[in-house]
Amino acid sequence: MKAYEITEDNLEEFSSYIGADLADDMQRSFYRGYGVKEEDGSVRGAMLYELLGMDHDDEDVKSVIRFLKAESAEAYDMIHQIYRSEGVLNDEIAETSYRFEEEEPAESCAKHGFSKEQKESPFLRLTLQEAANTDLVNKMKKIPDYIVSLEELSMIQFRTAIRNCLLNGQKGLLEDLGYLSMGWFDICVSACTITDDEVKGLFLVRVTPNGIITPVMLYATGQDFKMNLARMIAYSIQKGAEMYRPETEILIDCQRKPTEALAKKLLPGAKTKTAFYGSRKEA
């Protein structure tokens, strides 16, 4: 077996192993990866991770492992070794963390110096039909005309809105928000608030290659910002119900407390699982 960095040149060789959603993420600015293959080219394992703090000179660079899987203890060890000798060194990573729903990759991390604990996952899951049947949607009889789909924005309006969000310290769940094109989001299901020809709110939604609806940013300003947050969510759910099957999964990452509180209040049918967490200082 031999370990390799996963790059644009060999990503296709690992795509079926890591899945379409993660293969798509690997084309983003701050995603990196390593894989292990046999001499015959068969994949025996892979690790994908996202770098945090790359755009902030006053912050340490941190890494979050987004995927880790291997077919043997030897393959796990090779992945951990190349990550520490090349990934940590090349990107000057100060700390690495992980969150897995399966215990096996967490065990492999624990063998290599990570902490390990089990607690409730921040991911809430529900179907589009369940979301469409919530009080939030049913009671939203009339959504104002100034709540529209992202497709109504020009590219200049979109870039201006994103710049304003970043200037206000808002980037949702996206470390690379400023690098993503408008087309990376589902422009029909994503919503925005426009008043006086200015974007005052954004609810950005990604539909992954595997068809999972993932809200990634919710932000609004102005006098009625709280109501407009709810209106944008309701609008997006209604648009999603028009475009996708009722059983389509919605996956909400509630790692931030305000998001968790809002999601549990507005979407009480969402369910969580338990997950394994850990971290390791790299210095």
Side-chain angles (χ1 to χ4, degrees), residues 1-54 60-123 125 175-176 208-210 212 251 253 255 272-283:
M1 284 190 297
K2 185 176 179 181
Y4 301 83
E5 181 182 5
I6 301 176
T7 66
E8 184 179 322
D9 294 333
N10 64 9
L11 177 59
E12 187 174 348
E13 300 171 28
F14 292 92
S15 293
S16 61
Y17 191 82
I18 64 179
D21 290 354
L22 285 163
D24 188 65
D25 280 336
M26 278 299 293
Q27 301 176 60
R28 295 167 60 183
S29 299
F30 301 141
Y31 273 74
R32 308 282 190 272
Y34 293 99
V36 173
K37 294 192 298 183
E38 294 281 10
E39 290 185 6
D40 63 3
S42 60
V43 177
R44 303 296 293 168
M47 171 196 283
L48 307 183
Y49 59 97
E50 183 181 10
L51 299 171
L52 310 181
M54 291 290 284
D60 288 335
V61 174
K62 296 183 179 181
S63 166
V64 180
I65 301 174
R66 300 300 187 191
F67 176 88
L68 177 60
K69 178 183 175 183
E71 305 306 311
S72 66
E74 181 185 2
Y76 270 121
D77 289 342
M78 291 182 70
I79 291 170
H80 281 289
Q81 287 164 8
I82 193 172
Y83 170 71
R84 198 155 201 184
S85 63
E86 294 189 13
V88 171
L89 185 64
N90 292 342
D91 287 307
E92 300 180 338
I93 296 169
E95 183 178 0
T96 304
S97 61
Y98 68 81
R99 179 180 62 223
F100 305 127
E101 292 188 351
E102 302 80 21
E103 187 168 13
E104 183 179 282
E107 279 293 320
S108 81
C109 287
K111 282 178 55 181
H112 288 268
F114 287 81
S115 61
K116 177 191 168 192
E117 63 175 323
Q118 187 176 15
K119 57 184 179 181
E120 186 179 28
S121 169
F123 289 107
R125 291 175 167 83
E175 188 71 15
D176 55 349
T208 73
N210 281 332
I212 298 173
L251 184 64
D253 188 342
Q255 60 181 294
T272 63
K273 299 181 179 180
T274 58
F276 296 90
Y277 293 77
S279 62
R280 179 182 70 190
K281 297 290 186 181
E282 304 292 2

Tell me, do [X] and [Y] make a side-chain contact under 4.5 Å, heavy atoms counted?
| X | Y | answer |
| --- | --- | --- |
| Phe30 | Asp91 | no |
| Val36 | Glu74 | no |
| Arg99 | Pro122 | yes |
| Lys62 | Ser97 | no |
| Glu102 | Lys69 | no |
| Arg280 | Arg84 | yes |
| Pro105 | Tyr76 | yes |
| Tyr83 | Thr96 | yes |

Q.
For residues 92-112, which residue pairs pass the ring-ring contact (aromatic ring centres under 6.0 Å, His included) check, not counting sequence neighbours?
A.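 Pairs touching residues 92-112 that pass the test: His80-His112, Tyr98-Phe100, Tyr98-Phe114.
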Q. Any chance CD of Glu92 has more than 12 other-residue heavy atoms, nucleotides or ligands included, within less than 6.0 Å?
A. no
Q) Take atom CD in Glu117; do more than 12 heavy atoms of anything else shown fall under 6.0 Å from it? A) yes
For a quick test of reading the model, state the closest non-hydrogen atom pair linking [X] to [Y] and the distance between them.
| X | Y | result |
| --- | --- | --- |
| Tyr277 | Glu120 | OH-O, 3.3 Å |
| Ile65 | Leu68 | CG2-CB, 4.1 Å |
| Ser121 | Glu101 | OG-OE2, 4.1 Å |
| Arg32 | Ser29 | NH1-O, 2.9 Å |
| Met78 | Ala3 | CE-N, 3.7 Å |
| Asp60 | Ala94 | CB-CB, 3.7 Å |

Q: Go through the steps to decide whether Lys111 and Asp77 satisfy the test side chain to side chain contact (heavy atoms under 4.5 Å, CB included), and finish with yes or no.
A: CA-CA 9 Å; Lys111 282 178 55 181; Asp77 289 342; 3.9 Å; yes
Using the test side chain to side chain contact (heavy atoms under 4.5 Å, CB included), find all partners of [X] that sit at least two apart in sequence or belong to another chain.
| X | result |
| --- | --- |
| Gln27 | Leu11, Asp24 |
| Glu5 | Thr7, Tyr34 |
| Glu103 | Glu107, Lys116, Phe276 |

Hey, could you give me the [atom1]/[atom2] distance between [X] and [Y], rounded to the nearest 0.5 Å?
| X | Y | atom1 | atom2 | result |
| --- | --- | --- | --- | --- |
| Ser63 | Ile93 | OG | CD1 | 4.5 Å |
| Ile18 | Ile6 | CD1 | CD1 | 5.5 Å |
| Arg28 | Leu51 | CZ | CG | 12.0 Å |
| Leu52 | Glu95 | CG | CD | 10.0 Å |

Q. Quick one: salt bridge (Lys or Arg N to Asp or Glu O under 4.0 Å) partners of Asp21, sequence neighbours excluded?
A. none
**Q.** Full working for side chain to side chain contact (heavy atoms under 4.5 Å, CB included) between Thr274 and Gln118
**A.** CA-CA 7 Å; Thr274 58; Gln118 187 176 15; 3.3 Å; yes
Residues 43-50, side-chain donor-acceptor partners within the protein, below 3.5 Å, at least two apart:
residue : atom : partner : partner atom : Å
Glu50   : OE1  : Tyr31   : OH           : 3.4
Glu50   : OE1  : Arg66   : NE           : 3.1
Glu50   : OE1  : Arg66   : NH2          : 2.8

Q | Worked check of side-chain hydrogen bond (donor to acceptor under 3.5 Å, both in side chains) between Asp40 and Ser42 | A | CA-CA 6 Å; Asp40 63 3; Ser42 60; 2.7 Å; yes
